[in-house]
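What follows is a single structure, written as structure tokens, with notes after it.
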Amino acid sequence: MHACLQISEILRIIFAEVTQVTTSRVRPSYTTLYHLALTCRAFREPALDTLWAHIPTLDVLVLCLPQDARSQPILEWTAENFDQFECTPSGIAAAFRVRLLRTLTADDWATFQMYARRVHSLTFEKYDDEPYIMMRDHGLHDSAALALLDSPASSAPPFPLLRELCWYDKRDVLLPCLQRCISTTLTRLVIHSERWPSAMVDLVAGLGKACPKIKEFRCSMPPARACAMLSDFVTCWDDLEILEMGAVNAQALQHLASLKKLRELKMLVPEGHSLDLDLTSTLSVMFSLDKFSITAASIELLLAFLAPLQISTKSAKLQIDTASNAYYLDQLLSSLTEHFNPNVLESLHVGMDRPADPTNHALFELTASAFRKIRGFTKLTNLNLSSMHVSITDDEVVDLVSAWPKMEHLYLDTAWDWGVARLRVTFHGLAGILERCPNLRSLGVDLDPSPPQDSSVYVDHRYTGITKEKVIHLDVGSAECDDVEAIGNLLAGICPNLVHISRASPIDLNYEDPSGQNEWWQGGETWKEVEGFIAQRRTERLELNNL
């Protein structure tokens, strides 16, 4: 063996190459690393370190214990094993999840710690107590997790090299396990909890000093009562790069704005949250980020939180968890240039929930004048306003998109079918959009698919030059298709590489009882026929080119 392969640092670099890193997770090549560990003594420790560095769930460690120490869970529900468990949530959990069968000995603990000390990344997956889900998603029984991580027999930290910890488990009883995994070595911590008992609040309150090296922290759905606590501990972190958490106070905002490494910020503004009014009256906080996102319980809370902020970012996403009327949406859209640098912003998404009572659609209907200010974001390549209710003419939409010649993805009023007559974009307007946005790859407008009288002009690109081969996705909003062949010919001529057509959902759609929406479901099938027609035209064209 070459002398270089006897140096553990070099081997770790080599073995790291068989670990696939994606945007969402790390996927080691377990089989390859296992065989490398068996190759020779020099490879054993570095290969095992890499093999166990990223484990998907805690039950993987338990399966390394002797077979008499832990259960062998049922992997599949069959007629033969049906009588082996009780058909109750507790009975199914006992049968389909790994349990400990006896008290662990000193040798058992040594085996567990031999592997646990190598773990760098650990995930507690979401636990679901629905019986049929437990039969499909196997994991660790809560009694086993508590025995391993909340046991007096193990006084030292169970994972001394832990860098990343993701908590999706909703069992309050396992919070002591989360507490035991919190350590000064953590640089990435994700806590997605559907409930916030007092024990969770107390645990999170101490994170500032308990995890001083945090670079990425994500915390979903904190209640308003927890926001003050979040504001206190976030000021302890100076190395933050990514932060997702509840809205913080003015002091914490100023601290975050001072962090040079912070590149992603997502704020969750719950109902009942408010900034210090005395401070915000004169406060101005400037951020420089790659991504900014904010989710607010109402548009009033969103506007209040944005008031002191000036943000230089490439991507901004603003989500309102309730429906907002046209008056407040107009206010929000008009104020965006005051809070976001028009010379930097490339992607903008403003979304809101659908109205609980959509009968008065005029209350939510916007006109083209509402978008006059966002024309100032001339560098936009991605704009998503799909959940907004808009009445707009061909000339108005063409004038609007003329401000965004670099646009690649554009969605305007395509989320909901309001079921009312209003001004919509025709094929004339569609052609105008494509002409002024040559880089478009996906487009969504509430389309009026009535074929124009001079339709041949819009099909033959030799006359107009509007054929756009980059467009592969089209959202037609509430459009109905009355003639598959005619509309298919028009779209095939304009967008010959179109592969997917989607349409809006009825604003009053009842997902639990869709029987009343049969006409809408059938309309979706008609647009699928248009997709097939365009695909056939594309195939015929390719065959002709190959002759």
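This structure is a prediction, so every number in the text was calculated from the model and none was measured. Worth knowing before you read on, the calculation uses all heavy atoms, side chains too, and leaves out hydrogens, waters and symmetry mates.
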Practice problem: If the plane angle is over 60° it's perpendicular, under 30° parallel, otherwise tilted; pick one for Trp418 and Phe364. | Solution: tilted
Q) Do Phe217 and Trp237 have side chains that get closer than 4.5 Å, going by heavy atoms? A) yes
Show your working on salt bridge (Lys or Arg N to Asp or Glu O under 4.0 Å) between Glu241 and Arg263 and close with a plain yes or no. CA-CA 5 Å; Glu241 299 175 7; Arg263 63 181 191 274; 2.8 Å; yes
Distance col, row Glu435:CD vs Leu430:CG, nearest 0.5 angstrom, shows 10.5 Å
If we only count heavy atoms from C-beta on, is the Ile182 to Cys211 side-chain gap below 4.5 Å?
-> yes
- Worked verdict on Tyr411 versus Val445 for side chain to side chain contact (heavy atoms under 4.5 Å, CB included): CA-CA 6 Å; Tyr411 293 93; Val445 291; over 6 Å; no
Side-chain contact test, heavy atoms from C-beta onward, threshold under 4.5 Å: evaluate it for Asp413 versus Met388 and give yes or no. no
The reported gap from CG in Leu491 to CZ in Phe427 (rounded to nearest 0.5 angstrom) is 4.5 Å
Taking every heavy atom of Ser391 against every heavy atom of Arg422, the minimum-distance pair comes out as OG-CB, 4.1 Å
Can you give me every donor-acceptor pair (side chain of residues 299-314, partner residue at least two apart or in another chain, under 3.5 Å) with its distance?
from, atom 1, to, atom 2, distance (Å)
Glu300, OE1, Ser298, OG, 3.4
Gln310, NE2, Ser284, OG, 3.4
Thr313, OG1, Asp290, O, 3.1
Thr313, OG1, Ser315, N, 3.3
Thr313, OG1, Ser315, O, 3.1

SG of Cys495 to NZ of Lys468, rounded to nearest 0.5 Å, is 9.5 Å
Heavy atoms of Asp475 and Ala504 approach each other most closely as OD1-N, 4.2 Å
CE of Met200 to SG of Cys219, rounded to nearest 0.5 Å, is 8.0 Å
Looking only at heavy atoms, the pair that brings Leu262 and Ile242 closest together is CD1-N, 4.1 Å
Flag the pair Met407 / Leu380 as yes when at least one side-chain heavy-atom distance between them is below 4.5 Å, and no otherwise. yes
So the salt bridge (Lys or Arg N to Asp or Glu O under 4.0 Å) pairs with at least one residue in residues 374-389 (sequence neighbours excluded) are Arg375-Asp399
Salt bridge (Lys or Arg N to Asp or Glu O under 4.0 Å) pairs touching residues 206-219, sequence neighbours excluded, are Arg188-Glu216, Glu216-Arg218, Arg218-Glu244, Arg218-Glu264
d(Arg372 CZ, Thr367 OG1) to nearest 0.5 Å is 8.0 Å
Checklist line | Minimum side-chain heavy-atom gap Leu410-Leu440 below 4.5 Å | finding: yes
- [ ] Could you check His192 against Ser220 for side-chain hydrogen bond (donor to acceptor under 3.5 Å, both in side chains), going step by step and ending with a plain yes or no?
- [x] CA-CA 5 Å; His192 282 259; Ser220 71; 3.0 Å; yes
Residues Val499 and Arg538: closest non-hydrogen pair is CG1-NH2, 3.6 Å
Is there a side-chain contact between Trp527 and Glu531 in this structure, where contact means two heavy atoms from C-beta onward sitting under 4.5 Å apart?
no
**Asked** Is any side-chain heavy atom of Phe371 closer than 4.5 Å to a side-chain heavy atom of Leu385?
**Response** yes
Margin query: Counting neighbours of CZ on Phe533 that are heavy atoms of other residues, nucleotides or ligands and sit closer than 6.0 Å, is the number greater than 12?
Written below: yes
Between Ser231 and Val248, the two heavy atoms sitting closest are OG-CA, 3.1 Å
Please report the C-alpha distance between Lys528 and Glu525 in whole Å, then the side-chain angles of each, then the deciding distance to 0.1 Å, and finally whether the salt bridge (Lys or Arg N to Asp or Glu O under 4.0 Å) criterion is met. CA-CA 5 Å; Lys528 290 294 182 184; Glu525 292 302 314; over 6 Å; no
Val530 and Cys481 have their tightest heavy-atom pair at CG2-SG, 3.6 Å
**Prompt:** Should Thr322 and Asp353 be marked as a side-chain hydrogen bond (donor to acceptor under 3.5 Å, both in side chains) after you check the CA-CA gap, both sets of side-chain angles, and the distance that decides it?
**Reply:** CA-CA 5 Å; Thr322 53; Asp353 199 2; over 6 Å; no
- prompt: Regarding Asp394 and Thr426, is there a side-chain donor-to-acceptor distance under 3.5 Å anywhere?
  reply: yes
Discussion item. A side-chain contact here means heavy atoms from C-beta on lying under 4.5 Å apart; do Val285 and Leu256 qualify?
Written reply: no
- Query: Are Phe287 and Phe340 an aromatic pair by the rule of ring centers under 6.0 Å?
  - Reply: no
Inset, instruction - Using distance alone, with no hydrogens and no angle criterion, decide if Thr393 and Asp395 have a side-chain donor and acceptor under 3.5 Å apart. - result: no
**Asked** Is the closest side-chain donor-acceptor distance between Thr235 and His255 under 3.5 Å?
**Response** no
In Lys406, Glu408, Lys470, the residue satisfying side chain to side chain donor-acceptor pair (under 3.5 Å) with Asn439 is Lys470
Distance col, row Leu348:CG vs Thr381:OG1, nearest 0.5 angstrom, shows 10.5 Å
